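Just so it is clear, the model here is predicted, and its values are computed rather than measured. Reckoned from all heavy atoms, side chains included, excluding hydrogens, waters and symmetry mates. First the proteins, then the strands, lettered A, B, ... as listed; each starts at 1.
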There are 2 protein chains.
Amino acid sequence: MRMSEGVEWAVHCCLNLAWTGAEHAVSAARLAAYYELPSAYLNKQLQALARDGIVASTPGPRGGFRLARAPESITLLDVVTAIEGPRPAFRCAEIRRRGPGADPADETRCAVDQAMGQADLAWRRELAGRTLGDVMAGVERTAPAVPERVHRWFTT
Amino acid sequence: MRMSEGVEWAVHCCLNLAWTGAEHAVSAARLAAYYELPSAYLNKQLQALARDGIVASTPGPRGGFRLARAPESITLLDVVTAIEGPRPAFRCAEIRRRGPGADPADETRCAVDQAMGQADLAWRRELAGRTLGDVMAGVERTAPAVPERVHRWFTT
DNA sequence: GTTTTAGTACTCGGATAGGCCGTGTCCGAGTGCATCTGG
DNA sequence: CCAGATGCACTCGGACACGGCCTATCCGAGTACTAAAAC
C-alpha cells in the first residue's frame, strides 16, 4: 500500500498558492520549477484539484492556478481525496461468499471489512480535522521566513 | 492508494486457522480451496505471515500452517503489516529541499509529513486495537454457525 | 514378528513470467495581450 | 491620435507511451509416512 507521491506535490503547491494569494494566478510550470518537478505531470495533479473545486484554473497568458477557497476551509482529506480518489484503501472482495465456505443464508456484514472500514474512518477523521490553514500556521511557527519567501518568489 | 487483496485473504485464513485449532495443520491448498483462491499465490501470503511469526509452517505430509499465537495476541495491524510491509502509505520525498524553494538553513520537520504521519498513526492505532479474537467474537455473535462450520470443514 | 531401508507422496519455499495502475510526456483548443493598420 | 482587426505567445486540458509493483504460476528441497525386505 503506497500513496501516490502526487499527494505531496499537491499539498505543497496548495500551501504555496495560499501564501502567494488568490489575487495572483500561478502557472503549473512555475509551481513545478519551485521544487524542480516535471511540470506536465504536476499539471495533471492540479487538474485533479481543479475538478474537486480546490483550485481554480484560468487559461491564456497571465493565467494559471489559484486557491479556489480559503485555506481554512480546505482539509487535507480534500486534497488527498482529489488525488487518490474517494474509494477506501481496503476493498472487500467478499471472498467468504465464494467456494465451499459460502453460506447463502449469511447476510451479515463482513467483519473484516467492518474493522478495516473503522480504521479507514479514523484515518479520514484525522485528515479531515486538519486544514491547510492549520498546516500553514504550523509552518509559520517553526519556519517564519517561509511564507514571505514563497510570496516573494511567486509574485516577482 | 489501494491495499493488496492478499490482506483480506490473510485475515480470513487466520480466522479459519483459529477456529480449526492449532492442533491441526492446514495446507495452503486446502485453505485456498475453501474460498476458491489460487493456492500458490495464497501460499505466498502465508509465507509472509510465517516470516512475521503469525502462523507456523510445517513441511511434509500432514504438514501445513497453524496459528503460531493465541488469536487474542494477534492484532489486525500485525496481519496488515506482514502482508503490506511496515512502511507507512505516505512517503515524504522532501521535495521542499529541492529547487529554488530549498532553504538549507531550514532543519524543521516537514509539516505535511507530520500531519500524514499522525493520520497514519490513528489508522494503525485502530488496527492495533482489534485482535483476531475480537473479530472472531464479532462473527460468533452475528453468525454463530460459522465457527463450527469452519472447524468441521477443515478437520474432516 | 521386528527392525531396517528404500520409495513415495505431500508440504513449504523461493525463483520466474504476465497485467494493471501510477508515472511521465506530448500536442491541440482556447484565451488574453500586443501590435499593426486604417480612419 | 484613436478604434478595430489581426497575429501571437502563453495557458490549461486531455490523449498517448513507459515502468514498477501486484498478481499469478511453476518447480525444487525437505519431510513424514508407507511398504517392502531382511533378519
Side-chain angles (χ1 to χ4, degrees), chain A residues 1-10 13 17 24-33 35-68 80-87 89-91 93 95 154, chain B residues 1-10 13 17 20 24-33 35-68 80 82-87 89-91 93 95 154:
Chain A
M1 188 179 52
R2 188 174 141 219
M3 190 176 294
S4 164
E5 66 176 330
V7 170
E8 184 181 359
W9 302 4
C13 286
L17 286 176
H24 297 88
V26 183
S27 73
R30 193 154 182 77
L31 279 169
Y35 295 125
E36 283 177 353
L37 303 174
S39 63
Y41 190 33
L42 176 63
N43 189 19
K44 200 182 187 67
Q45 319 291 350
L46 291 170
Q47 286 174 32
L49 293 179
R51 267 192 291 272
D52 277 26
I54 295 172
V55 301
S57 65
T58 53
R62 303 267 306 161
F65 296 91
R66 67 193 74 203
L67 223 54
V80 171
T81 299
I83 304 295
E84 289 287 329
R87 303 186 60 182
F90 182 83
R91 265 94 136 176
I95 62 170
F154 279 106
Chain B
M1 187 177 54
R2 187 176 141 218
M3 191 177 294
S4 164
E5 64 176 330
V7 171
E8 184 182 358
W9 301 4
C13 284
L17 286 177
T20 300
H24 298 88
V26 183
S27 72
R30 193 154 181 76
L31 277 169
Y35 294 126
E36 282 178 354
L37 303 174
S39 63
Y41 189 32
L42 177 62
N43 189 20
K44 200 181 186 65
Q45 318 291 352
L46 291 169
Q47 285 174 33
L49 294 179
R51 266 191 292 272
D52 278 28
I54 295 172
V55 301
S57 65
T58 54
R62 303 266 307 163
F65 296 91
R66 67 193 73 202
L67 224 54
V80 170
I83 303 296
E84 290 287 328
R87 303 186 60 181
F90 181 84
R91 264 94 138 177
I95 62 170
F154 279 106

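In this view, A/Ala32 and A/Leu37, A/Ser39, A/Leu42 satisfy the side chain to side chain contact (heavy atoms under 4.5 Å, CB included) rule, not counting sequence neighbours. Taking the side chain to side chain donor-acceptor pair (under 3.5 Å) definition, one finds that B/Gln45 meets it with B/Tyr41, sequence neighbours left out. Here A/Phe90 pairs with nothing under the ring-ring contact (aromatic ring centres under 6.0 Å, His included) rule; sequence neighbours left out. Remark: B/Ser57 pairs with B/Phe65 by the side chain to side chain contact (heavy atoms under 4.5 Å, CB included) rule, at least two apart or across chains.
In this structure, A/Ile83 places its CD1 atom 10 Å from P of C/dT23, rounding to the nearest Å. As a whole-Å value, the separation of B/Glu5 CD from D/dC22 C1' is 9 Å. D/dC21 atom C1' lies 16 Å from atom CE of B/Met1, rounded to whole Å. The separation between A/Met3 atom CE and C/dT23 atom C1' is 17 Å, rounded to whole Å.
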**OP:** Please test B/Leu31 against B/Phe154 for side-chain contact (heavy atoms from CB on, under 4.5 Å), starting from the C-alpha separation and ending with a verdict.
**Re:** CA-CA 8 Å; B/Leu31 277 169; B/Phe154 279 106; 3.8 Å; yes
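For A/Ser4, a side-chain nitrogen or oxygen approaches OP1 or OP2 of C/dT23 to under 4.0 Å.
Of the candidate nucleotides C/dC21, C/dT25, C/dG32, C/dG32 has the atom lying nearest to any side-chain atom of A/Pro61. Comparing D/dA24, C/dT23, C/dC12 against the side chain of B/Ala28 picks out C/dC12 as the nearest. Taking only side-chain atoms of A/Ser57, from C-beta outward, the nucleotide of D/dC33, D/dT25, D/dG13 with the closest atom is D/dG13. Here the nucleotide nearest the side chain of A/Ala40, chosen from C/dT23, C/dC26, D/dC12, is C/dC26.
Between B/Glu84 and B/Pro38, the one whose closest nucleotide on DNA chain D sits nearer the 5' end is B/Glu84.
Of the residues in residues 41-52 of chain B, those lying under 4.0 Å from DNA chain D by heavy-atom distance are B/Tyr41, B/Lys44.
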Please output the side-chain donor-acceptor pairs of residues 3-10 of chain A that fall under 3.5 Å, not counting sequence neighbours, one pair per line with the distance.
from: A/Ser4; atom 1: OG; to: A/Gly6; atom 2: N; distance (Å): 3.1
from: A/Glu8; atom 1: OE1; to: B/Ala93; atom 2: N; distance (Å): 2.8
from: A/Glu8; atom 1: OE2; to: B/Ala93; atom 2: N; distance (Å): 3.3
from: A/Glu8; atom 1: OE2; to: B/Glu94; atom 2: N; distance (Å): 3.1
from: A/Glu8; atom 1: OE2; to: B/Ile95; atom 2: N; distance (Å): 3.3

